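For the numbers below, each heavy atom of this structure counts, side chains included, while hydrogens, waters and symmetry mates do not. Nothing here was measured: the structure is a model prediction, and the numbers come from that model.
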Amino acid sequence: MDIERLISARAGAVQESVIRRVFEEAREVRNPLNLTLGQPDFPVPEPIKRAAMAAIEADRNGYASNRGAEALLAKIAAHLRWDIGWDAATGPGARPGQPSAMVTCGTAGGLVLAAMCLLDAGDEIIVPDPYFVLYPRLGEMTGARAVPCDTYPDFRLTAERVEPLITPRTKAVLFSSPSNPCGVVSSEHECGDLLDLCRRTGVLLISDEIYDEFTYAESRTSRRGMSGVKKDGPPGSSHPTSDIPHPTLQTACCPSPARFPGAHEDVLLIRGFGKTYGFTGWRLGYAAGPTRLIDQMIKLSQHLYICAPAPLQLGAAEAFGVDMSAALARYQKRRDTVHARLSAVTDVTFPGGAFYAFVKVPERLRMTASEFKDAAKARRVMIVPGRAFSSRDTHFRLSFAAEERVLEEGVGILAELMGAR
């Protein structure tokens, strides 16, 4: 049988992830210094593990609601009220204008559901360039077009850059802060301007905030003002302390378009747990925003995913009471080390969040990032070339979510390669 003849044009149009390809190449290298994957190297906190194991042992292994497990949805709703001032419904029958929330199979699952509910053939979604590898694929999967917005050299998705790209076919703008692969954190002003633009043009703003809790101190903003609610102290009696994700960071947060008054009518907020708490393999995230859109996403999820892993949802419900500030401080120290070492030999945009550096290959080397990746591989260092994230191949992504010994040795080799003449 000619299977090739039977493969759909949709599947053929979707490109393979270059990140995964480079990760597989590491198998060819003896004792690789692998700086490719955004996989946290700290263990899942004990309260979360115990809750998941308890759920499994109590035989809570069947389906959860298509919307999500009630225990996790209740924690998500409490967190959204405290964090951004949204009163999100977690069941049917939301009031007019009230946002809704659902649990998704990772943030990727949320993005795919949103794209399938928004995009028809010929529609457009604006994405930043550089982008997370899934973003262009959302267009390929739906027959739509992912329109890249050039953000070089500072990698900031601003209203000024987006506005010329909006057409009558534009359905959404996909925004991410902190970003992958660059680690750039947008300012409060940039978030507000982009939200205003989307409101004026009737375009949905999708805010991918998988790294919202992985924002470093200098990039955080006060919780005052943006949602119109004072957030300096712990929530009141209706928001118990156990619902606060990071008690030591109560007064600061990552800037977001979702924090502005009325944003729940214009913003689809997508967040996750895996990067913050180290259980990326559990595939858990959540989406909140316009009720009509969330209802459509739940309907599709009934057929695609049914539900996110039920006992693991009960583990994730404990995450909102876990303080991850110690891990964040360790990663900030790694960020500082990586930036100091590499900025001495090339251009590196300062990562305000996440755990990546997007590093320019010095022009004096006369090499593409793919060629530099091969040179690094010859020295056992594995990195991801810029073509995985961009129409350009001038930079590479380095993940500092790696063991400190591996990171130190790998960064030293990269600095040596870039410093050579």
Check your understanding: Considering the options R405, R330, R334, which one meets the salt bridge (charged side-chain N to carboxylate O under 4.0 Å, His left out) requirement together with D41?
Key ->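 Running salt bridge (charged side-chain N to carboxylate O under 4.0 Å, His left out) over R405, R330, R334 with D41 returns exactly one hit, R334.
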Check your understanding: Quick one: are V112 and L138 in side-chain contact, heavy atoms under 4.5 Å?
Key ->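 Yes, close enough: below the 4.5 Å cut-off.
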Review point. Which distance, rounded to the nearest 0.5 Å, do you find between the CE of M102 and the OG1 of T90?
Key: 12.5 Å
Review point. Is any NZ, NE, NH1 or NH2 atom of the basic residue among E190 and R161 found under 4.0 Å from an Asp or Glu carboxylate oxygen of the other?
Key: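 Here E190 does not pair with R161 in a salt bridge, since their nearest N and O are not under 4.0 Å apart.
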Point to revise | Sub-4.5 Å side-chain heavy-atom contact between R335 and F350 | key: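 Result yes, sub-4.5 Å side-chain heavy-atom pair found.
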Review point. Does D212 pair with R220 as a salt bridge, N-O distance under 4.0 Å?
Key: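 Looking at R220 together with D212, the answer is no, because their closest N to O distance does not fall below 4.0 Å.
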Exercise for review: Using the six-membered ring wherever Trp is involved, compare the ring planes of H395 and F358 and label them parallel, tilted or perpendicular (cut-offs 30° and 60°).
Suggested key: parallel
Exercise for review: Scan side-chain atoms only and decide if S207 and E209 contain a donor-acceptor pair under the 3.5 Å cut-off.
Suggested key: yes
Review point. Between D150 and R392, does at least one N-O distance fall below 4.0 Å, as a salt bridge requires?
Key: yes
Check your understanding: Between R50 and E318, does a salt bridge (charged side-chain N to carboxylate O under 4.0 Å, His left out) hold up when you go through it step by step?
Key -> CA-CA 9 Å; R50 287 197 300 269; E318 297 303 309; over 6 Å; no
Review point. If you measure from the Lys or Arg side-chain nitrogens to the Asp or Glu carboxylate oxygens, is any gap between E213 and R271 under 4.0 Å?
Key: no
Check your understanding: Going by heavy atoms in the side chains, are I48 and V322 under 4.5 Å from each other?
Key -> yes
Practice item. Check the side chains of Q296 and K299 for a donor-acceptor pair under 3.5 angstrom, ignoring hydrogens and angles. Key: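 Their side chains do contain a donor-acceptor pair, which is all the 3.5 Å distance test asks for.
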Practice item. For the pair H79 and W82, name the ring-plane relationship: parallel under 30°, tilted 30 to 60°, perpendicular over 60°. Key: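 Correct class here is tilted.
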Check your understanding: Per the ring-ring contact (aromatic ring centres under 6.0 Å, His included) rule, which among Y331, Y356, F400 passes with F214?
Key ->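 When ring-ring contact (aromatic ring centres under 6.0 Å, His included) is applied between F214 and each of Y331, Y356, F400, only Y331 qualifies.
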Review point. Side chains of T337 and L407: does their closest heavy-atom pair fall under 4.5 Å?
Key: no
Check your understanding: Less than 4.5 Å apart, any side-chain heavy atom of F132 and any of I210?
Key ->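 No, side chains not in contact.
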Exercise for review: May I ask you to test the R137-L134 pair for a side-chain heavy-atom distance under 4.5 Å?
Suggested key: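 R137 reaches L134 side chain to side chain.
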Check your understanding: Do Y135 and I125 come close enough that some side-chain heavy atom pair is under 4.5 Å?
Key -> no
**Study point:** Donor-acceptor side-chain pairing of S301 and N66 below 3.5 angstrom
**Key:** no
Practice item. Of all the heavy-atom pairs spanning M367 and A375, show the shortest one and how long it is. Key: CE-CB, 4.0 Å
Review point. Is the distance between the ring centroids of Y277 and F320 under 6.0 Å?
Key: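 For Y277 and F320, the ring centres are not under 6.0 Å apart.
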Atom pairs and distances, side-chain donor-acceptor, residues 284-293, under 3.5 Å, sequence neighbours left out:
| from | atom 1 | to | atom 2 | distance (Å) |
| --- | --- | --- | --- | --- |
| T291 | OG1 | Q98 | O | 2.4 |
| T291 | OG1 | S100 | OG | 2.8 |

Point to revise | F389 six-ring centre to R397 NZ/CZ under 6.0 Å and within 45° of normal | key: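 No, R397 and F389 do not form such a contact.
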Review point. Would a 4.5 Å heavy-atom cut-off, applied to side chains only, mark F273 and L72 as touching?
Key: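 In short, these two side chains touch, coming nearer than 4.5 Å.
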